[in-house]
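Remarks on the structure that follows.
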There are 2 protein chains.
Amino acid sequence: MEKTQKAFFDTYTDFQCYVIAQVNNGDYNGIGATHYNMVEYLYRNGPATGKTLAQKFHISAPAISRHVKILLEKKLIIQQQSPQDRRLFLLEVTAKGKHLVDGSENQRHSVTTRISSMLPKKELEQFTRILRKVVDVLKEEEER
Amino acid sequence: MEKTQKAFFDTYTDFQCYVIAQVNNGDYNGIGATHYNMVEYLYRNGPATGKTLAQKFHISAPAISRHVKILLEKKLIIQQQSPQDRRLFLLEVTAKGKHLVDGSENQRHSVTTRISSMLPKKELEQFTRILRKVVDVLKEEEER
DNA sequence: TGTGAATAGTTAACAAAGTTAAATAATTTC
DNA sequence: GAAATTATTTAACTTTGTTAACTATTCACA
């Protein structure tokens with residue numbers, strides 16, 4: 001294998017293992033990484049339906065249904081039936097959920113927050129640009 | 001949230017969801033992404049023990065034990081007890097395993113292969129450099 | 001040189017989180 | 001107004017991670 005490619009392979013493998021391990025075992029102030037990511041997503045992007053989350057996170061509707069149930073129990077989100085279309089349940093982050101993401105004291109920040117504070121702005125932009133390109137191609141391939 | 005940071009957040013979230021979905025559901029010529037990654041790792045880096053794989057992939061020894069069992073059954077790797085230290089079992093990719101990774105016909109390539117063939121060399125190097133920095137900091141934090 | 005600690009790996013029991021199939025309720029279409 | 005579609009949930013199952021406890025081997029050292 002060519003040198004550049006080999007360096008990339010090693011680094012990407014490391015990164016991927018880290019991402020997976022973090023999703024499997026990561027604890028963000030008492031909730032798992034996936035739950036944390038959902039709360040953070042709703043916080044940053046505003047209310048969304050389960051259907052939207054399913055598409056965003058590439059998981060099935062039943063999987064979302066269970067996640068939502070747990071997040072509701074933990075009072076990190078609330079659910080409101082849409083009056084226009086009563087099949088829809090809008091999910092919205094609560095003050096408690098926001099507080100969790102803001103991570104006031106002694107709390108562990110999300111990976112995104114940590115990365116964006118570790119890289120200088122210019123590098124972060126470069127990284128984002130390339131990563132965007134990668135994601136778009138991978139997604140495109142996936143749809144085929 | 002600041003604009004650069006928001007762009008990064010969105011992109012990284014997308015990427016992470018893709019990685020996880022791919023690990024959960026990805027099929028690489030009949031085996032799952034984790035199994036594929038292990039075979040590919042052994043191919044690219046040469047024989048290793050279960051212990052090494054556990055550290056590399058950030059998973060427990062029992063999890064490795066089961067993965068190894070399956071990969072042995074599928075004849076993608078072989079296991080050889082070290083004569084120097086009989087507690088050690090060296091895992092080595094077979095010709096069948098190599099063939100799977102090389103992916104001759106109609107086969108789906110690994111994400112690393114796809115990314116490295118999609119990006120021009122200079123961009124791949126840039127991406128690798130930043131990703132390396134990110135991984136190193138994340139790992140360092142993890143150890144604390 | 002024998003014994004206790006450490007190391008590599010396995011087995012068993014369990015938990016988290018994904019899946020598909022089938023059910024329910026609401027809406028849209030014609 | 002009946003049939004099809006859509007959003008969500010429930011049930012049953014699978015995969016893959018975990019910890020605890022076990023075996024086999026090696027190391028450390030009195």
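Each chain gets a letter, A, B and so on, in the order its sequence line appears, and its residues count up from 1. None of the values given here were measured: they were computed from a predicted structure.
The nearest whole Å value for the distance from the NZ atom in B/Lys51 to the C1' atom in C/dG9 is 10 Å. Protein atom CG of B/Leu90 is 16 Å distant from nucleotide atom P of D/dT25, rounded to whole Å. In this structure, CG of B/Asn24 is placed 10 Å from C1' of C/dT19, rounded to the nearest angstrom. Atom P of nucleotide D/dT14 and atom CD1 of B/Ile70 are separated by 14 Å, given to the nearest angstrom. Taking atom NZ on B/Lys69 and atom C1' on D/dT16, their separation rounds to 14 Å, with Å as the unit. Rounded to a whole Å, the CD1 atom of A/Ile59 is 15 Å from the C1' atom of D/dT15. Between the CD atom of A/Gln22 and the P atom of D/dT16 there is a distance of 20 Å, given to the nearest Å. With rounding to whole Å, A/Phe57 atom CZ is found 20 Å from C/dA16 atom P.
Closest of all the heavy-atom pairs between A/Leu91 and A/Leu42 is O-CD2, 3.8 Å. Of all non-hydrogen atoms in B/Val93 and B/Tyr43, the two that sit nearest each other are CG1-CA, 3.8 Å.
Each of A/Ile20 and A/Pro62 was matched to the nucleotide of DNA chain D holding its nearest heavy atom; the match closer to the 5' end belongs to A/Pro62. Where A/Thr34 and A/Pro83 meet DNA chain C, the nucleotide closest to each residue was compared, and A/Thr34 sits on the side nearer the 5' end. For A/Asn25 and A/Ile64, each mapped to the nucleotide of DNA chain D holding its nearest heavy atom, the one lying further toward the 5' end belongs to A/Ile64. Of the two residues near DNA chain C, A/Asp85 and A/His35, the one whose nearest nucleotide lies more 5' is A/His35.
The hydrophobic clustering, which links ILVMFWY residues whose side-chain heavy atoms are closer than 4.5 Å, places B/Phe89 and B/Met38 apart.
Side-chain N/O atoms of B/Ser65 include none lying less than 4.0 angstrom from OP1 or OP2 on C/dG9. In this structure, A/Gln55 does not reach the D/dT6 phosphate: none of its side-chain N or O atoms is under 4.0 Å from OP1 or OP2.
Counting any heavy atom pair closer than 4.0 Å across all strands shown, A/Gln81 reaches no nucleic acid atom.
Ring pair B/Tyr12/A/Phe15 is perpendicular by interplanar angle, where above 60° counts as perpendicular and below 30° as parallel.
A donor-acceptor contact closer than 3.5 angstrom is absent between the side chains of B/Tyr28 and B/Asn37.
Residue B/Arg87 places a side-chain atom within donor-acceptor reach of the base of C/dT7, judged by atom type and a 3.5 Å distance cut-off alone. Side-chain atoms of B/Arg86 and base atoms of D/dT25 include no donor and acceptor less than 3.5 Å apart.
Closest to the side chain of A/Ala61, out of D/dT8, C/dT19, D/dT19, is D/dT8.
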